[in-house]
2 protein chains.
Amino acid sequence: MKSFVPSADNSAFSLANLPYGVCSDAPDPSPRPGVRIGDHVLDLRAVETAGLLRNTTLGQERVFDASTLNHFMSKPHTAWRSVRTRLQALLAADNPELRDNAALREKSLIPLSRVQMHLPVEIGDYTDFYSSRHHAFNVGTMFRGPENALMPNYLHIPVGYHGRASTVVLSGTPIRRPSGQTKADADPAPKFGPSQRLDFELEMGVFLGGPDNALGEPIPMDRVEERLFGMVILNDWSARDIQAWEYQPLGPFLSKNFATSISPWIVPFEALAPFRVAPPAQEPKPFAYLLRERDVAEQPAAGWSYDIALEVALATAKQPLPQTICRSNHRHLYWTVAQQLAHHSITGCRMRPGDLLGSGTISGPTEDSYGSMLELAWRGTKPIKMQSGEERRFLHDGDSVVMSASCRSSDGQTRIGFGECVGTIVPARG
Amino acid sequence: MKSFVPSADNSAFSLANLPYGVCSDAPDPSPRPGVRIGDHVLDLRAVETAGLLRNTTLGQERVFDASTLNHFMSKPHTAWRSVRTRLQALLAADNPELRDNAALREKSLIPLSRVQMHLPVEIGDYTDFYSSRHHAFNVGTMFRGPENALMPNYLHIPVGYHGRASTVVLSGTPIRRPSGQTKADADPAPKFGPSQRLDFELEMGVFLGGPDNALGEPIPMDRVEERLFGMVILNDWSARDIQAWEYQPLGPFLSKNFATSISPWIVPFEALAPFRVAPPAQEPKPFAYLLRERDVAEQPAAGWSYDIALEVALATAKQPLPQTICRSNHRHLYWTVAQQLAHHSITGCRMRPGDLLGSGTISGPTEDSYGSMLELAWRGTKPIKMQSGEERRFLHDGDSVVMSASCRSSDGQTRIGFGECVGTIVPARG
């Protein structure tokens with residue numbers, strides 16, 4: 001399938017991807033939904049206004065005359081598919097509707113360099129999971145030794161906790177170093193000041209869509225797919241020293257709630273379908289509510305993990321060129337996105353369109369695949385060596401963390417890009 | 001100050017209270033803001049439409065033509081005060097504006113018996129604290145003995161965690177018993193099924209208002225007052241057995257997120273001002289960011305705790321008449337509302353109008369003042385005896401929990417009512 005948009009076909013943003021975002025530009029500073037194609041953004045409000053989405057399941061309804069994607073996401077998954085198919089057709093090389101309509105093309109197809117991106121979704125609730133077994137094992141090993149590294153519940157429960165929705169920010173937003181209480185084991189009393197152990201966490205975020213489940217009604221595994229809208233890169237910034245002192249008994253709070261960054265483009269699950277792979281074998285076998293009908297007989301379930309290559313690069317004030325410090329993959333997650341959602345709603349928890357689920361830090365099995373500085377520098381004992389000669393145990397002011405993600409088919413023909421999730425540390429408030 | 005509304009003056013909903021809610025009625029089923037006066041609701045949309053709020057700081061702006069209070073709450077605290085003063089004047093016995101306008105009175109003053117209440121706020125983020133030292137001590141004692149009952153951080157940090165906003169429901173909403181994983185200490189493996197240790201938690205909830213603080217900018221203690229809009233009764237339903245198995249290392253998750261009930265009327269902090277009392281002495285002295293300028297010199301700080309009498313009553317299918325099982329008071333909280341907010345935002349966490357802060361279970365020092373069944377029945381060892389002859393260790397299907405709260409001045413002249421927060425347990429989904 002080829003597009004008439006120049007250079008789209010050979011990019012990671014071809015017709016096979018078509019991620020959704022919210023953008024504005026100088027001629028029209030009002031944020032509005034768009035879809036990325038190559039180095040352009042197709043303005044969905046303009047396309048909808050021109051009547052070009054009427055032959056989708058949306059019909060006459062307008063969902064893109066909005067400053068977020070929530071309205072569109074709240075429609076049934078059949079509507080997402082219908083719109084995606086229609087957008088692929090509209091942007092196809094052999095379709096004259098948009099290609100040959102110079103006025104509309106001029107109005108709706110905006111060069112990426114000209115747009116400003118905005119937070120794409122008004123996030124209802126943000127939940128963060130802990131689904132990489134390697135990450136949980138690494139952190140557990142540091143604090144409790146390898147024998148007791150995994151908590152007894154880890155292989156039974158997709159462990160997660162509620163995060164803070166109001167501080168989910170767009171890639172590029174400066175991250176102010178938080179201040180808070182910390183206490184070294186050796187110190188008799190806590191002290192107050194800027195965090196000295198500021199870290200990133202490499203995660204992927206899943207946006208939910210579709211109509212709410214009613215309060216008290218779980219979403220069964222066989223229907224989770226109807227609620228999974230798309231994925232972004234997510235950086236769960238963490239202040240390790242604040243966390244260590246505050247987290248007993250109710251979990252992380254201020255150590256996580258100062259900022260969470262996400263990449264601007266939401267890649268639809270439809271675009272990721274070719275990259276579904278078997279998840280790691282799960283032993284002991286999960287409870288039935290965490291399995292699909294067909295999985296009850298056979299394990300591991302085909303699909304539901306994704307082969308998405310992930311990378312973290314670090315730049316410093318002295319070394320502006322980012323240096324790769326981690327290569328991981330979404331497939332390393334022990335618990336799948338589907339299991340996370342089925343677990344989250346098993347109590348009847350209402351899940352709304354626009355809710356965000358973080359995967360948890362995605363660490364792989366090897367030392368170069370660890371998804372946090374805590375693990376990469378192994379609690380400060382193996383500092384990261386920068387080409388500039390600098391060392392890093394945790395993040396310094398002026399450091400930039402650049403996360404990227406992409407899928408590539410084995411024949412190299414299809415690439416799906418997520419773009420980047422970037423954040424630069426600015427000094428604590430004086 | 002007397003009102004022309006019959007029976008208002010001698011009620012807990014006199015001109016001294018004027019709590020905000022959202023209601024609808026049969027003639028007009030659209031939810032809209034109202035203020036309670038005696039056994040009536042004043043329809044704020046109608047009053048605003050009639051132009052009667054123009055001589056407030058709102059001027060021509062419309063904030064009550066909405067299905068929630070968020071727009072009003074987002075205005076500066078000076079606007080809340082201005083509107084409150086104006087409403088007190090409009091409802092006063094000696095003011096003819098509304099009193100003698102039969103058509104508008106008929107339209108805007110609706111008998112409480114005729115209205116249906118709705119969730120008053122679209123909640124952005126919900127945070128739950130753990131600020132009763134008695135509660136923390138009781139729970140800690142049960143699980144770790146009295147010597148290690150309080151975590152080392154407890155007297156330094158107003159401990160809290162993020163809760164689930166999507167399942168905050170209005171008083172009266174049936175509460176479905178959640179299912180989940182549980183594991184008794186003696187069992188080799190977890191099992192799945194309906195929670196057997198369903199509990200309530202007696203809390204007060206604080207709604208924030210005012211413009212957002214910018215990301216990265218804390219709210220200092222001397223300005224928290226500008227963000228405190230009003231208070232409700234809050235029941236933080238808890239599945240103790242699910243909690244015990246899931247909560248390590250990231251805190252409570254499914255054990256709390258199936259439902260949180262709140263009472264329908266938000267009592268403004270202005271109405272509570274006469275009931276401000278000194279909080280408990282805090283030793284060790286908190287860090288400066290948890291103290292006002294004037295508190296730095298002297299402790300305990302005057303004000304910021306509230307003398308609000310709290311009660312929990314229990315009814316069962318066999319005993320429909322609620323029986324009081326707990327009498328507590330908001331003043332028992334170790335950490336104040338002001339300290340909670342200053343702590344929450346010290347990292348620069350953005351706090352939005354419509355955010356909700358739960359106090360944590362408000363247990364007092366005596367056995368009859370414990371704010372949860374876990375404590376009242378002391379982990380099942382001292383079952384609660386009902387007049388029906390039944391016993392309760394935890395909640396049964398068909399049980400109703402009725403929480404109420406009120407303030408009364410020492411001369412008995414002024415009462416401020418919060419009404420009730422009610423929930424009935426319905427059986428787990430089959």
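Letters A, B, ... are given to chains in the order of the sequence lines, protein chains preceding strands, and every chain is numbered from 1.
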Can you classify the ring geometry of A/Phe129 versus B/Phe253 as parallel (below 30°), tilted (30 to 60°) or perpendicular (above 60°)?
perpendicular
Go through the steps to decide whether A/His343 and B/Leu254 satisfy the test side chain to side chain contact (heavy atoms under 4.5 Å, CB included), and finish with yes or no.
CA-CA 8 Å; A/His343 181 67; B/Leu254 301 190; 3.3 Å; yes
Residue pair B/Leu250 / A/Pro252, side-chain heavy-atom distance below 4.5 Å:
yes
Sort B/Thr127 into side chain, backbone, both or neither according to what part of it lies under 4.5 angstrom from a heavy atom of chain A.
side chain
In terms of heavy-atom proximity below 4.5 Å to chain A, should B/Pro194 be classed as side chain, backbone, both, or neither?
neither
Are A/Tyr289 and B/Phe192 near enough that their ring centres are under 6.0 Å apart?
yes
A/Arg350 side-chain N/O to B/Thr167 backbone N/O, donor-acceptor pair under 3.5 Å:
no
Nearest 0.5 Å, please: how far is CG in B/Asp212 from OG in A/Ser166?
8.0 Å
If we define contacts as heavy-atom pairs under 4.5 Å, which of A/Ala259, A/Ser195, A/Ala428, A/Pro152 has the most with chain B?
A/Pro152
Heavy-atom pairs under 4.5 Å with chain A - which of B/Glu122, B/Arg176, B/Met351, B/His344 has more of them than the others?
B/His344
Is the closest side-chain heavy-atom distance between A/Tyr130 and B/Pro249 below 4.5 Å?
yes
Are there more than 12 heavy atoms of other residues, nucleotides or ligands under 6.0 Å from atom CZ of A/Arg197?
no
Heavy-atom contact with chain B under 4.5 Å, split by part of A/Asp355
side chain
Nearest 0.5 angstrom please: A/Tyr126 OH to B/His162 NE2, how far?
10.0 Å
Minimum heavy-atom separation for B/Trp245 to A/Asn153, with atom names?
O-ND2, 2.9 Å
Heavy-atom proximity to chain B below 4.5 Å, by part of A/Thr173:
side chain
Using heavy-atom distances under 4.5 Å, tell me whether A/Val139 contacts chain B through its side chain, its backbone, both, or neither.
neither
Ignoring hydrogens and angles, tell me if any N or O in the side chain of B/Asn257 forms a donor-acceptor pair with the backbone of A/Cys349 under 3.5 Å.
no
Who wins among B/Gln181, B/Arg429, B/Met151 for the most heavy-atom pairs under 4.5 Å with chain A?
B/Gln181
Out of B/Gly180, B/Gly348, B/Gly163, B/Pro178, return the one with the most heavy atom pairs under 4.5 angstrom to chain A.
B/Gly163
Region of A/Ser255 in contact with chain B, defined by heavy-atom distances below 4.5 Å
neither
Could you check which of A/His156, A/Glu246, A/Arg164 has the highest count of heavy-atom pairs closer than 4.5 Å to chain B?
A/Arg164
Worked check of side chain to side chain contact (heavy atoms under 4.5 Å, CB included) between A/Gln248 and B/Gln248
CA-CA 9 Å; A/Gln248 288 286 13; B/Gln248 288 287 11; 4.1 Å; yes
